[in-house]
Amino acid sequence: MAFSDEFKIWVLFICLVAQLGRGFYLPGSYPHKYVVGDPLSVKVNSITSVETEIPFSYYSLPFCKPEEGVKDSAENLGELLVGDRIENSPYKFKMNTNESEIFLCQTKPLSNEEFSLMKKRIDEMYQVNVILDNLPAIRYTKKDNFYLRWTGYPVGVKVQEKYYVFNHLKFTVLIHKYEETNVAGVMGTGDAAEMIPTVGNSGPGIPGYMVVGFEVVPCSFQHNVESVKKLKTYSKYPSGIKCEPTTVAMSINENEPIAFSYEVSFVESDIKWPSRWDAYLKMEGAKVHWFSILNSLMVITFLAGIVLVIFLRTVRRDLSRYEELDKEAQAQMNEELSGWKLVVADVFRAPSNPTLLCVMVGDGVQILGMAVVTILFAALGFMSPASRGTLLTGMLFFYMFLGIAAGYVAVRLWRTIFCGNVNGWVSVSWRVACFFPGIAFLILTTLNFLLWGSHSTGAIPFSLFVVLILLWFCISVPLTLIGGYFGAKAPHIEYPVRTNQIPREIPAQNYPSWLLVLGAGTLPFGTLFIELFFIMSSIWMGRVYYVFGFLFVVLILLVVVCAEVSLVLTYMHLCVEDYKWWWKSFFASGSVAIYIFLYSINYLVFDLKSLNGPVSATLYLGYSLFMVLAIMLATGTVGFLSSFWFVHYLFSSVKLD
């Protein structure tokens, strides 16, 4: 049975939308096949805390170091920007080989500085993050007959004014038997077996395993001092080590060493390779996401109904009545005009600070385009958390390349405001390329000095600063200038009516118009705030956010609400003969950023109330300010462009002299 091309396209579209709603992901790397006895290396990432939000290097604490020395893993731009520092560790396993009571090392006696630092990190609830085959270690804790899932394990614990360190780790590695046909089917190619990387001597005919899970149970164990003195690294501890996570024994004291050990067991699992990230990406509160979307749809429908009623019953009625009149009646009616028709000779009068408006709209187009493209790619699974830093790297490069759109829109709008004047387009393009990145650079540099002062891995290295500046001036700025060049060559938008030389006086208003503009931001915020909670929890509480399908839908709904709100307010201002709509249409939807910033403060006070120290609070508020600035530019641009289209359409529908 043959299907038409249209039918196939519709089927493909429906499948795509369904997958977007689910927010599925593609594996971030090819599976590695290991045979029994192949070496497995555990890596360590920065230690982190929800108490301070300042990451530090794993080896900033007196832990055991690998015999071959500490080596950094290759990291991409996104990993460096978020503060990841992945390094090798002394923990070494052999595939499907259970080992117990493995002695790792005994540190030197703790100096006063090391002792104080250990106590401080335990008080600040720092977590150690270990990685095996690109999987972070998961820790399960039981609470009220429920199991809570955490990534990493705490450095130690404080009990009755004494500090204890977790110095014995019980690792569990979940493995799945390598199956040629299944993997080939998953990868969608008949010769997938030749493409899958193999480790050691694991040829195509040798049975092997894949790592599909990694769990850790931290314990505090008091080693025998005399027994430890005779042991070397990876020697077997002479007596049994009973790992009891509910009890602590190894207290830390000044001028006393700490002994570390570990054990590892391998468990065959039914988990398949493509599903191994499911434990990290379990979608919490799916019903809440759907409720948020349905609530937003109801708000949009309500606003759309208001818009339709206003325009169909007022604007269309006025226009149809006007067109039915003869010329004499039209001339008489022009003398008796009221409402929006009175500002016909002033509605396209250039706004105050027109260059700044063009620059902000251009940057808003760039930020909005980056958000749409990035979230769409993430929803399609091209930015899996298995590929650390990919999301941030993608955002950065999408933003740079969309400089073409920013320059084009800003320069063309600037030419439209000045009735086709070409002179000065280079200056406008330069300002577009430097306005938002310059503010972002200033904020991030200030915050970076705080991180440098704390010796945190979250501080951007000086070499990376140089790279970012080179990307800015060697890629983003030239592309923005190219976009500005095309905007200067494109025809400007012709106004449908002429503007008088003498501006019309605006009548006194019953209420401040800016009050209405600021209040309009509550409606876009209402469509966003539920999803905003999950995003904030992902950023600040260390949770994995991966429901990008929902986020993409919420973004589309946010754009629609911003357009509707700004359009309604612009019409209301014109009806009271207030023709200064340019900036008001921008901030009508852009004012949602004020409510997001207030929500950020609320989140800091009530959800991050354990945040420790002024440095951490300053970092939080600084990053929040950077986020709301970007949101203001993006949402304000949506409101302005929709209002500009509406005003142009409204006054081009009727000729008034």
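All values reported here derive from a predicted model rather than from experimental measurement.
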| field | Residues that Phe397 engages under side chain to side chain contact (heavy atoms under 4.5 Å, CB included), provided they are two or more places apart | value | Leu77, Thr393, Met400, Phe401
| request: Could you give me the CA-CA distance, side-chain angles and deciding distance for Lys158 and Glu161, then say whether salt bridge (charged side-chain N to carboxylate O under 4.0 Å, His left out) is met? | output: CA-CA 6 Å; Lys158 182 181 180 182; Glu161 302 304 319; 3.6 Å; yes
| request: Please test Ser269 against His176 for side-chain hydrogen bond (donor to acceptor under 3.5 Å, both in side chains), starting from the C-alpha separation and ending with a verdict. | output: CA-CA 5 Å; Ser269 170; His176 185 78; 5.9 Å; no
| message | Could you check whether any side-chain heavy atom of Ile175 comes within less than 4.5 Å of a side-chain heavy atom of Val267, counting everything from C-beta outward? | response | no
| Between Asn88 and Ser41, does a side chain to side chain contact (heavy atoms under 4.5 Å, CB included) hold up when you go through it step by step? | CA-CA 8 Å; Asn88 59 333; Ser41 296; over 6 Å; no
Enumerate, atom names and distances included, each donor-acceptor pair closer than 3.5 Å involving a side-chain atom of residues 618-634, sequence neighbours excluded.
{"from": "Thr618", "atom 1": "OG1", "to": "Pro614", "atom 2": "O", "distance (Å)": "2.7"}
{"from": "Tyr620", "atom 1": "OH", "to": "Ser600", "atom 2": "O", "distance (Å)": "2.5"}
{"from": "Ser624", "atom 1": "OG", "to": "Tyr620", "atom 2": "O", "distance (Å)": "2.8"}

Could you go through residues 112-122 and list every donor-acceptor pair under 3.5 Å that involves a side-chain atom there, pairing it with any protein atom two or more places apart or in another chain?
{"from": "Glu114", "atom 1": "OE1", "to": "Ser111", "atom 2": "N", "distance (Å)": "3.1"}
{"from": "Ser116", "atom 1": "OG", "to": "Asn112", "atom 2": "O", "distance (Å)": "2.9"}
{"from": "Arg121", "atom 1": "NH1", "to": "Glu124", "atom 2": "OE1", "distance (Å)": "3.1"}

| said: To check you understand the geometry: which heavy-atom pair defines the closest contact between Pro245 and Cys219, and what is its length? | reply: N-SG, 4.1 Å
| said: Please list all pairs meeting disulfide bond (SG atoms under 2.5 Å apart) that have one or both residues in residues 99-147, counting only residues at least two apart or in different chains. | reply: Cys64-Cys105
| Does any N or O in the side chain of Asp607 come within less than 3.5 Å of the main-chain N or O of Leu604, such that one atom is a donor and the other an acceptor? | no
| said: Using side-chain heavy atoms (C-beta onward) and a distance below 4.5 Å, is Val264 in contact with Val173? | reply: yes
| said: Closer than 4.0 angstrom, basic N to acidic O: yes or no for Arg276 and Asp133? | reply: yes
| task | Could you note down all residue pairs passing side-chain hydrogen bond (donor to acceptor under 3.5 Å, both in side chains) where residues 449-473 supplies at least one of them, sequence neighbours left out? | result | Ser46-Thr457
| query | Just wondering, more than 12 heavy atoms not from Lys177 lying within 6.0 Å of its NZ? | reply | no
| query | Is there side-chain contact between Val216 and Tyr140, with at least one heavy-atom pair below 4.5 Å? | reply | no
| task | Measure up the Phe171 and Phe93 rings against each other and bin them: parallel (under 30°), tilted (30 to 60°), perpendicular (over 60°). | result | tilted
| query | What's the verdict on side-chain hydrogen bond (donor to acceptor under 3.5 Å, both in side chains) for Asp123 and Tyr163, showing C-alpha distance, side-chain angles and the deciding distance? | reply | CA-CA 9 Å; Asp123 282 333; Tyr163 292 87; 2.8 Å; yes
| message | Enumerate the salt bridge (charged side-chain N to carboxylate O under 4.0 Å, His left out) contacts for residues 214-228, please, sequence neighbours excluded, ordered by first and then second residue. | response | Glu226-Lys229
| message | Students often mix this up, so state it plainly: with edges at 30° and 60°, are the rings of Phe382 and Phe377 parallel, tilted or perpendicular? | response | tilted
| Side-chain heavy-atom pair Cys243, Val217 within 4.5 angstrom cut-off | yes
| task | Determine whether Ile252 and Tyr164 make a side-chain contact, defined as any pair of heavy atoms from C-beta on separated by less than 4.5 Å. | result | no
| request: Please check if atom CG in Asn602 has more than 12 non-hydrogen atoms from other residues, nucleotides or ligands closer than 6.0 Å. | output: yes
| request: Write out all pairs satisfying ring-ring contact (aromatic ring centres under 6.0 Å, His included) with one or both partners inside residues 215-254, taking only residues at least two apart or from two chains. | output: Phe221-His223, His223-Tyr237
| Check: Ser89 side chain, Val44 main-chain N or O, donor-acceptor pair, under 3.5 Å | no
Hey, can you pull the donor-acceptor pairs under 3.5 Å for the side chains in residues 437-450, sequence neighbours left out?
{"from": "Thr445", "atom 1": "OG1", "to": "Phe441", "atom 2": "O", "distance (Å)": "2.5"}
{"from": "Thr446", "atom 1": "OG1", "to": "Leu442", "atom 2": "O", "distance (Å)": "2.9"}
{"from": "Asn448", "atom 1": "OD1", "to": "Ile460", "atom 2": "N", "distance (Å)": "2.7"}
{"from": "Asn448", "atom 1": "ND2", "to": "Ile460", "atom 2": "O", "distance (Å)": "3.1"}

| Taking C-beta and beyond as the side chain, do Ser251 and Lys162 meet within less than 4.5 Å on heavy atoms? | yes
| Taking the side chain as C-beta and beyond, is there a heavy-atom pair between Val554 and Thr527 under 4.5 Å? | no
| message | Just to verify, what does Tyr603 make a side chain to side chain donor-acceptor pair (under 3.5 Å) with, not counting sequence neighbours? | response | Ser537
| message | Which residues pass the salt bridge (charged side-chain N to carboxylate O under 4.0 Å, His left out) test with Glu244, not counting sequence neighbours? | response | Lys242
| remark: Hits for salt bridge (charged side-chain N to carboxylate O under 4.0 Å, His left out) against Lys170, two or more places apart or cross-chain, chain-then-number order -> none
| said: Show, in sequence, the C-alpha distance, side-chain angles and deciding distance for Tyr262 and Tyr91, and conclude whether the ring pair (Phe, Tyr, Trp, His ring centres under 6.0 Å) test is met. | reply: CA-CA 8 Å; Tyr262 70 96; Tyr91 298 102; 5.3 Å; yes
| Within a strict 4.5 Å, meaning less than it, do heavy atoms of the Lys43 and Ser73 side chains meet? | yes
| message | Suppose we screen for side chain to side chain contact (heavy atoms under 4.5 Å, CB included). Which residues come up paired with Tyr595, at least two apart in sequence or across chains? | response | Thr522, Phe525
